[in-house]
Asks: 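For reference, the structure I am asking about is given below.
All heavy atoms count here, side chains included; hydrogens, waters and symmetry mates do not. Numbers restart at 1 for each chain; the letters A, B, ... are given by sequence-line order, proteins then strands.
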Amino acid sequence: MIRDDLAAAVRNALVALAVEPLPEQVSLERPANREHGDWSSNVALASAKKAGRNPRELAAQLVEHLDANPPAHVESVEIAGPGFVNFRLAPTWLHDVLADVVDQGTAAYAAPQLADGEKVMVEFVSANPTGPIHVGNGWFASYGDALARLLARTGHQVSREYYVNDTGGQIRRLGASLIAHRKGEPVPEDGYPGEYVAELATTYDGTDDVTEAGQWAAERILGGIRSTMESIHIHYDEWYSQASIEESSAVAETVAELQAKGVITDEDGALWFESKEFGDPRERRVLRKTNGDYTYLAGDLAYHRNKFVTRGFDRVINVWGADHHGQVASLVAGIKALGIDGDRIEVRLGQMISLTSGRMSKRAGNVIDLDDVVADIGADATRLLSLLTSIDQAVTIDLDKVRSESKESPVFYVQYAHTRIASINRVAAERGVERLPIAQVDLGLLTHERELEVLRTLSELPDIVRIATTDRAPHKVATWVRELADRFHGFYHDCYVMGDGVSPELTQARLWLVESSRIGFAIGLDLLGVSAPESM
RNA sequence: GCCCUCGUAGCUCAGCUGGAUAGAGCAUCGGACUUCUAAUCCGACGGUCGUUGGUUCGAAUCCAACCGGGGGCGCCA
């Protein structure tokens, strides 16, 4: 990598100049402004003070040294501003990038191995099976799946999981609603008035037991959720039943283990977990109620003990909506109390998704089913739309706008760029133009600014993948893919691959540039779970 | 009240482990189709980065306070 080469050269220069102490890292970045060169280092600014030197003088000495011993591809080194060291490179460094992309291909390019097979579970959505999932759930679904894809690409062994809350009060309320519908009675105040319940009621032939009815309905609703997930290409490895945990001895065992560790107190016949000792801002939490029932927290702790201890996951990432924020501290406290390193659990809280018509609520009747959106704009647009923004952002969706603009959406923009690649290859085949082995092609002919922009963008992908993974921020990949599409459209417009006086040699070089772009799109779109069509 | 989170262009959002003149799409206005399909490209317009202080050579980015939006503080799940 060019950056490593440049960093090494700068480091050597610092050593030669006897700079003490040497900075731990020599940072090299791509300046926002092209006039500042291809790569820039602030090392003189960053280390001058500690070394007791003047930043500009240090920078000048660095430049002098680097000028005398220029790294590969470097055309000039300049000092700028308060003490930046700017490198101007020959386009050959980008030709190396092209060769590198093609050489490594979709499987290996931009696949930094950040872990050595670490077993990580991503649990996401896990919406109660009391109704179809809505666009807000879909937002987190796309996020969780894309994050799982990133982790898989970077050397993690990933498992996707949906925790099915198929027991408890909301299931009984669902059952009560179902029975009310069947009897033609009004749905209870705290019940589920949705039409889907009425529809289910017409086929329910079980007893009037609310639990039985609720479980029956939940199973059917969950079936719908599964197919909705499949429709946006999300495949869970496990649909883990809360009931299965609670019906097993796992909850009692977990609480007993905590008791054995002396972090449980018994008061008024209830068992309390002294959670504050483990970082919970709340003093303590009930694990077993006076009536003998275990609380949700107890079940959740048993579930997480199962994830770590029984199933042996090294790391667990839970993707939750911000409305579950209150649960985090207690859960983490409980995990620590069980003797599990708190660093092994991560809870990513996504900000709430609202509609321009207000926050989605069943009462307000403005819940939009994910199915409807997928039917409207398609799986790809649904996924990319949600992956364009960070989950830290509380977004507002204007559904009418999404529908009316879907033809001008980023999805079409990106996919259209990809189809242009296919189209170039198709026309090349029609005209009998064959791509020669890259070793026989003079990539040095690629000097048009549009060509170089494409290659610069491709050069950034490995960093993007790394940062998107460590920041748990797949939207960075989406931003990158859009940029690649932007660059490629520019190239397509200004640089014909065939005809129009383009020499056969230049055609060859450009065909390889097209191929490297194809690889870039393939990697980026696959990480997002968006398809890369050959035609539209 | 306490805790978390967000506040960037008319709208929807990038940029945030500090870097040099803050970006994109949409909207508005104006250009480019005999080409590998214009679902594209080029240009213009548009911002005291919520406010005020602080740290720093340098702050949209870090810190503090305040203002505003959202969320959370159950023997619900």
Side-chain angles (χ1 to χ4, degrees), chain A residues 27 29 31-33 35-36 40 42 45-46 48-49 54-56 80-84 86 128 130 165 167-171 173 190 242 267-272 281-282 285-297 299-300 321-329 349-352 354 356 359 385 388-390 392-398 401-402 404-405 407-413 415-417 419-428 430-431 433 450 467 470-471 475-476 478-479 482-483 485-486 488-490 492-500 502 507 510 514 535-536:
Chain A
S27 83
E29 48 188 46
N33 188 336
E35 285 170 23
H36 297 138
S40 173
N42 64 356
L45 287 160
K49 199 168 192 179
N54 175 299
R56 251 197 95 91
F84 289 102
N86 294 343
N128 287 342
T130 52
N165 296 139
T167 180
Q170 87 275 8
I171 293 297
R173 287 195 289 277
D190 56 357
Q242 181 184 1
E267 199 175 297
D268 303 330
L271 295 181
W272 297 80
R282 278 164 296 193
R285 308 294 312 277
V286 171
L287 291 185
R288 202 181 69 195
K289 311 177 199 174
T290 41
N291 68 6
D293 287 350
Y294 289 104
T295 59
Y296 181 82
L297 176 60
D300 215 17
D323 52 341
H324 290 82
H325 164 69
Q327 295 168 232
V328 179
L349 292 177
Q351 294 299 302
M352 305 307 284
S354 55
T356 41
R359 175 161 178 205
L385 182 69
L388 243 23
T389 65
S390 155
D392 292 332
Q393 182 74 230
V395 301
T396 309
I397 309 171
D398 185 336
K401 216 168 187 178
V402 167
S404 68
E405 286 172 3
K407 282 204 168 151
E408 295 140 34
S409 76
V411 186
F412 284 82
Y413 187 78
Q415 292 188 329
Y416 185 50
T419 63
R420 284 181 145 176
I421 289 175
S423 137
I424 289 169
N425 289 331
R426 197 168 49 240
V427 171
E430 281 166 18
R431 297 187 188 174
V433 178
R450 296 288 209 176
I467 294 168
T470 55
D471 285 1
H475 76 277
K476 288 175 195 281
T479 304
R482 206 159 52 155
E483 185 181 317
D486 182 35
F488 190 81
H489 282 306
Y492 182 92
H493 191 265
D494 286 356
C495 305
Y496 294 113
V497 174
M498 290 159 284
D500 202 34
V502 177
T507 292
R510 286 181 171 169
V514 169
S535 64
M536 287 167 68

Asks: Tell whether A/Y496 reaches the base of B/U35 with its side chain through a donor-acceptor pair below 3.5 angstrom.
Replies: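 A donor-acceptor contact between them is present.
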Asks: Side chain of A/L45, heavy atoms from C-beta onward: which of B/C57, B/C75, B/G70 has the nearest atom to it?
Replies: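 Side chain of A/L45 sits closest to B/C57.
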Asks: For nucleotides B/C4 and B/U12, find the distance between their C1' atoms and express it as a whole number of Å.
Replies: 25 Å
Asks: Go through it in stages, so that I can follow the logic: the residues are A/F488 and A/R420, the test is side-chain contact (heavy atoms from CB on, under 4.5 Å), and I'd like the CA-CA distance, side-chain angles, deciding distance and then a yes or no.
Replies: CA-CA 9 Å; A/F488 190 81; A/R420 284 181 145 176; 4.1 Å; yes
Asks: In this structure, how many angstroms lie between the P atom of B/U61 and the CG atom of A/D471, rounded?
Replies: 18 Å
Asks: Give me the distance, rounded to whole Å, that separates B/C66 from B/G31 when you measure between the C1' atoms they each carry.
Replies: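 Per the computed distance, 49 Å lies between those C1' atoms.
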Asks: Roughly how far, to the nearest 0.5 Å, is the CG atom of A/L349 from the CD atom of A/Q327?
Replies: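 It is 9.5 Å, given to the nearest 0.5 Å.
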Asks: Which is true for A/V328 with a 4.0 Å heavy-atom rule: it touches a base, it touches only sugar-phosphate, or it touches nothing?
Replies: nothing
Asks: Which nucleotide, in any strand shown, forms a Watson-Crick or G-U wobble pair with B/G68, with both distances under 3.5 Å?
Replies: B/C6
Asks: What nucleotide, of B/U40, B/A14, B/A39, holds the atom closest to the side chain of A/S390?
Replies: B/A14
Asks: Which part of the nucleic acid, if any, lies within reach of A/E35 when heavy atoms closer than 4.0 Å are counted: base, sugar-phosphate only, or nothing?
Replies: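 Result for A/E35 = base.
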Asks: Could you work out the separation of B/G23 and B/A60 based on their P atoms and round it to a whole Å?
Replies: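 Approximately 13 Å lies between the P atom of B/G23 and that of B/A60.
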Asks: Say whether, by atom type as modelled, one donor and one acceptor occur between the side chain of A/R510 and the main chain of A/Y496 under 3.5 angstrom.
Replies: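 Yes, because the side chain of A/R510 sits within donor-acceptor range (under 3.5 Å) of the backbone of A/Y496.
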Asks: Nearest nucleotide by nearest heavy atom, which residue falls closer to the 5' end of RNA chain B, A/A394 or A/L349?
Replies: A/L349
Asks: For A/D392, which contact category applies under a 4.0 Å heavy-atom criterion: base, sugar-phosphate, or nothing?
Replies: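 Sugar-phosphate contact only - A/D392 comes under 4.0 Å of backbone atoms but never of a base.
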Asks: Picking from B/C13, B/G19, B/C36, which would you name as closest to the side chain of A/Y492?
Replies: B/C36
Asks: Okay, side chain of A/R173, backbone of A/G168: is any donor-acceptor separation there less than 3.5 Å?
Replies: no
Asks: Quantified in whole Å, what is the C1' atom distance between nucleotide B/C29 and nucleotide B/U34?
Replies: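 Comparing C1' positions in B/C29 and B/U34 gives a spacing of 29 Å.
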Asks: Applying the Watson-Crick and G-U wobble criteria at under 3.5 Å, what pairs with B/A39? Answer none if nothing qualifies.
Replies: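 Across all strands, not a single nucleotide pairs with B/A39.
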Asks: Provide, to the nearest angstrom, the distance between the CZ atom belonging to A/R450 and the C1' atom belonging to B/C42.
Replies: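 So the CZ-C1' distance, A/R450 to B/C42, works out to 8 Å.
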Asks: Let's see if you can work this out: which of B/C13, B/C36, B/C42 has an atom nearest to the side-chain heavy atoms of A/T389?
Replies: B/C13
Asks: Using a cut-off of 4.0 Å on non-hydrogen atoms, how would the nucleic acid contact of A/Q327 be classed: base, sugar-phosphate, or nothing?
Replies: base
Asks: Choosing from B/C16, B/G25, B/A20, which nucleotide comes nearest the side chain of A/R482?
Replies: B/G25
Asks: Could you check which nucleotide pairs with B/C73 in any of the strands shown, counting Watson-Crick or G-U wobble with both distances under 3.5 Å?
Replies: B/G1
Asks: Describe the nucleic acid contact of A/R288 in one word from base, sugar-phosphate, nothing, applying a heavy-atom distance below 4.0 Å.
Replies: nothing
Asks: Of the listed nucleotides (B/G15, B/A14, B/U40), which one gets closest to any side-chain atom of A/Y413?
Replies: B/U40
Asks: Check whether any side-chain N or O of A/T295 sits under 3.5 Å from a backbone N or O of A/R288 as a donor-acceptor pair, and report yes or no.
Replies: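 Side chain of A/T295 to backbone of A/R288: no pair is present.
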Asks: In whole angstrom, give me the gap between the P atoms of B/C11 and B/G47.
Replies: 12 Å
Asks: Rounded to whole angstrom units, what separation is found between the NE2 atom of A/H325 and the P atom of B/G74?
Replies: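 Going from A/H325 (NE2) to B/G74 (P), I get 12 Å.
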Asks: When we call it a touch if two heavy atoms are under 4.0 Å apart, what does A/H36 touch: a base, just sugar-phosphate, or nothing?
Replies: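 A/H36: base contact, heavy atoms under 4.0 Å.
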Asks: Pick the closest RNA chain B nucleotide for A/E29 and for A/K476 by heavy atoms, then say which residue is nearer the 5' end.
Replies: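 Taking each residue's closest nucleotide, the earlier one in sequence belongs to A/K476.
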Asks: Quantified in whole Å, what is the C1' atom distance between nucleotide B/U35 and nucleotide B/U40?
Replies: 13 Å
Asks: Which part of the nucleic acid, if any, lies within reach of A/V286 when heavy atoms closer than 4.0 Å are counted: base, sugar-phosphate only, or nothing?
Replies: base
Asks: With distance as the sole criterion, do the side chain of A/S423 and the base of B/C36 form a donor-acceptor contact below 3.5 Å?
Replies: no
Asks: Would you state whether a donor and an acceptor, one from the side chain of A/D323 and one from the base of B/G71, lie under 3.5 Å apart?
Replies: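 Check fails, no donor-acceptor contact within cut-off.
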Asks: Without swapping roles, check the side chain of A/Q170 against the backbone of A/N165 for a donor-acceptor pair under 3.5 Å.
Replies: yes
Asks: Look at all strands and tell whether A/A417 reaches a base, only sugar-phosphate, or nothing, counting heavy atoms closer than 4.0 Å.
Replies: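 No contact.
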Asks: Rounded to the Å, how far apart are A/L385 CG and B/C26 P?
Replies: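 About 14 Å, once rounded to whole Å.
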Asks: Rounding to the closest angstrom, what is the interatomic distance between B/A24 and B/A65 at atom P?
Replies: 36 Å
Asks: Find the distance A/I424:CD1 to B/C36:P and express it as a whole number of Å.
Replies: 11 Å
Asks: Considering every strand and a 4.0 Å limit on heavy-atom distances, what is the contact class for A/S40: base, sugar-phosphate, or nothing?
Replies: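 Base contact.
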Asks: Using a 3.5 Å distance criterion without hydrogens, assess whether the side chain of A/H489 forms a donor-acceptor pair with backbone atoms of A/Y416.
Replies: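 Judged by distance alone, no pair lies under 3.5 Å.
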Asks: Taking only N and O in the side chain of A/R431, is any of them less than 4.0 Å away from OP1 or OP2 of B/U35?
Replies: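 No, A/R431 has no side-chain N/O under 4.0 Å of OP1/OP2 on B/U35.
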Asks: Can you find a donor-acceptor pair, distance only, under 3.5 Å between A/T295 side chain and B/A77 base?
Replies: no
Asks: Side chain of A/N86 only, heavy atoms from C-beta on: which candidate in B/U21, B/C41, B/A20 is closest?
Replies: B/A20
Asks: Counting distance only, does the side-chain N/O of A/D268 pair as donor-acceptor with the main-chain N or O of A/A270 below 3.5 Å?
Replies: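 Not confirmed, A/D268 side chain does not pair with A/A270 backbone.
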Asks: Within this structure, what is the CG-to-C1' distance between A/N42 and B/U17, rounded to whole angstrom?
Replies: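 Atom CG in A/N42 sits about 13 Å away from atom C1' in B/U17.
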Asks: Taking the minimum atom-to-atom distance to the side chain of A/Q393, which one of B/C41, B/G19, B/A14 wins?
Replies: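 Of B/C41, B/G19, B/A14, B/A14 is nearest to the side chain of A/Q393.
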Asks: Could you walk me through whether A/D486 and A/Y413 pass the side-chain contact (heavy atoms from CB on, under 4.5 Å) test, one step at a time?
Replies: CA-CA 8 Å; A/D486 182 35; A/Y413 187 78; 3.1 Å; yes
Asks: Which part of the nucleic acid does A/R510 contact within heavy-atom distance under 4.0 Å: base, sugar-phosphate only, or nothing?
Replies: nothing
Asks: Do we see A/F84 stacking on the base of B/A20, given a limit of 5.5 Å between centres and 30° between planes?
Replies: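 Whether judged by distance or by angle, A/F84 passes, so it stacks on the base of B/A20.
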Asks: Strictly below 4.0 Å: does A/Y416 bring a side-chain N or O up to OP1 or OP2 of B/A39?
Replies: yes
Asks: How far does the C1' atom of B/C62 sit from the matching atom of B/U55, given to the nearest Å?
Replies: 8 Å
Asks: Using the side-chain heavy atoms of A/Q170, tell me which of these nucleotides is nearest: B/G70, B/A77, B/U40.
Replies: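 Among the listed nucleotides, the one closest to the side chain of A/Q170 is B/A77.
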Asks: Rounded to the nearest angstrom, tell me the gap between atom CG in A/D190 and atom P in B/A77.
Replies: 13 Å
Asks: Expressed as a whole number of angstroms, how long is the span from A/R282:CZ to B/C75:P?
Replies: 9 Å
Asks: Contact class for A/T479 (heavy atom, under 4.0 Å): base, sugar-phosphate, or nothing?
Replies: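 Sugar-phosphate, no base atom in range.
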Asks: Please tell me if A/R420 has a side-chain N or O lying less than 4.0 Å from either OP1 or OP2 of B/A39.
Replies: no
Asks: Could you please name the partner base of B/C33, counting Watson-Crick and G-U wobble pairs only when both distances are under 3.5 Å?
Replies: none
Asks: I'd like to know whether CD of A/E430 has more than 12 heavy-atom contacts from other residues, nucleotides or ligands below 6.0 angstrom.
Replies: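 For A/E430, atom CD is crowded (more than 12 foreign heavy atoms under 6.0 Å).
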Asks: Measuring from the side chain of A/K289 (C-beta onward, heavy atoms only), which nucleotide among B/C76, B/C41, B/G74 has the closest atom?
Replies: B/C76
